[in-house]
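A note on names: the letters A, B, ... follow the listed sequences, proteins ahead of strands, and every chain is numbered from 1.
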Amino acid sequence: MESFCYESVFGPICVKLEEGRVCGIELGERCEGTVKPDQVVVKQLDEYFKGVRTRLDFPVKVSGTEFQLRVWQALRDVPYGSTISYGELAKRLNTSPRAVGQALKRNPLPLYFPCHRVVGKSSLGGFSGGLEWKKNLLALERGERCAGDS
DNA sequence: GCTATTAGACCCC
DNA sequence: GGGGTCTAATAGC
């Protein structure tokens, strides 16, 4: 498995590649970096973390059940800077909130599939890379300086 | 197949 | 706000 490390403002990110395509993103993980960082991916991440880019679009390789792919694809319809509840997303996919949560948890490509934009109805919900990331990313998209600022 | 588990939602107190 | 109950997909048996 090829990989490289990207240093974001919120912390390190390990990007995993397969056949030149992104197949995994791990937030908060610093990895060895077996290959030279992919400039296309790095540029998009730079722009995203600067708040310039609202959508990541690089070649990816995803694997999952048909249901999971449907959920992840649906995420890309959630507009930048807004959030959707698990229930609402479930309604769109004609399934249950619980199942949506299961699929999101197994999302191998956070950021690319913006699972941080999915929140619980009366709580933040969870996040695979840690809740701090979710809060930071939402703050970034809402144009705030930093999470927790008052 | 069946059972336990889960990043939710709902209702009731 | 803290318990129960329903829920659908998944992992493990």
Original post:
What dot-bracket string describes DNA chain B from 5' to 3', counting Watson-Crick and G-U wobble pairs whose defining distances are under 3.5 Å, with [ ] for crossing pairs and | for pairs to another strand?
Top reply: ||||||.||||||
Subject >> Spacing of A:Trp72 atom CH2 relative to C:dA9 atom C1', expressed in whole Å >> reply: 13 Å
Original post:
When all nucleic acid strands are considered with a 4.0 Å heavy-atom cut-off, which category describes A:Ser128: base, sugar-phosphate, or nothing?
Top reply: base
Subject >> Whole angstrom value for the distance that separates P of B:dG8 from CG of A:Leu131 >> reply: 11 Å
Original post:
Distance-only, no hydrogens or angles: does the A:Gln44 side chain make a donor-acceptor pair with backbone N or O of A:Asp57 under 3.5 Å?
Top reply: yes
Subject >> Nearest-Å distance for atom pair NZ/C1', residues A:Lys121 and C:dG1 >> reply: 18 Å
Original post:
In whole angstroms, how far is the C1' atom of C:dA8 from the CG atom of A:Leu89?
Top reply: 14 Å
**OP:** Look at all strands and tell whether A:Tyr86 reaches a base, only sugar-phosphate, or nothing, counting heavy atoms closer than 4.0 Å.
**Re:** base
Subject >> Residue-phosphate contact under 4.0 Å: A:Arg98 side-chain N/O, B:dT5 OP1/OP2 >> reply: no
**OP:** Would you jot down, in residue-number order, the residues of residues 108-120 of chain A having a non-hydrogen atom under 4.0 Å from DNA chain C?
**Re:** none
Original post:
Taking the side chain of A:Pro97 as heavy atoms from C-beta outward, which of C:dT7, C:dT10, B:dG8 is closest to it?
Top reply: B:dG8
Original post:
What's the CD-C1' distance between A:Gln102 and B:dA4, to the nearest Å?
Top reply: 11 Å
Subject >> Pairwise distance CG(A:Leu56) to CG(A:Leu111) - rounded to 0.5 angstrom >> reply: 6.0 Å
Original post:
At under 4.0 Å, does any side-chain N or O of A:Thr65 touch on OP1 or OP2 of C:dT10?
Top reply: yes
**OP:** Rounded to the nearest angstrom, tell me the gap between atom CD in A:Glu88 and atom P in C:dT7.
**Re:** 21 Å
Original post:
With distance as the sole criterion, is a donor-acceptor pair present between the side chains of A:Arg106 and A:Gln102 under 3.5 Å?
Top reply: yes
Original post:
If you round to the nearest 0.5 Å, how far is NZ of A:Lys135 from NE2 of A:His116?
Top reply: 15.0 Å
**OP:** Go through the side-chain N and O atoms of A:Tyr112 and A:Asn107 and say whether any donor and acceptor fall under 3.5 Å apart.
**Re:** no
Original post:
In whole angstrom, what separates A:Ile84's CD1 from B:dA7's P?
Top reply: 19 Å
Original post:
How is A:Lys105 classified with respect to the nucleic acid when contacts are heavy atoms under 4.0 Å: base, sugar-phosphate, or nothing?
Top reply: base
Subject >> Contact under 4.0 Å: A:Thr95 side-chain N or O vs C:dA9 OP1/OP2 >> reply: yes
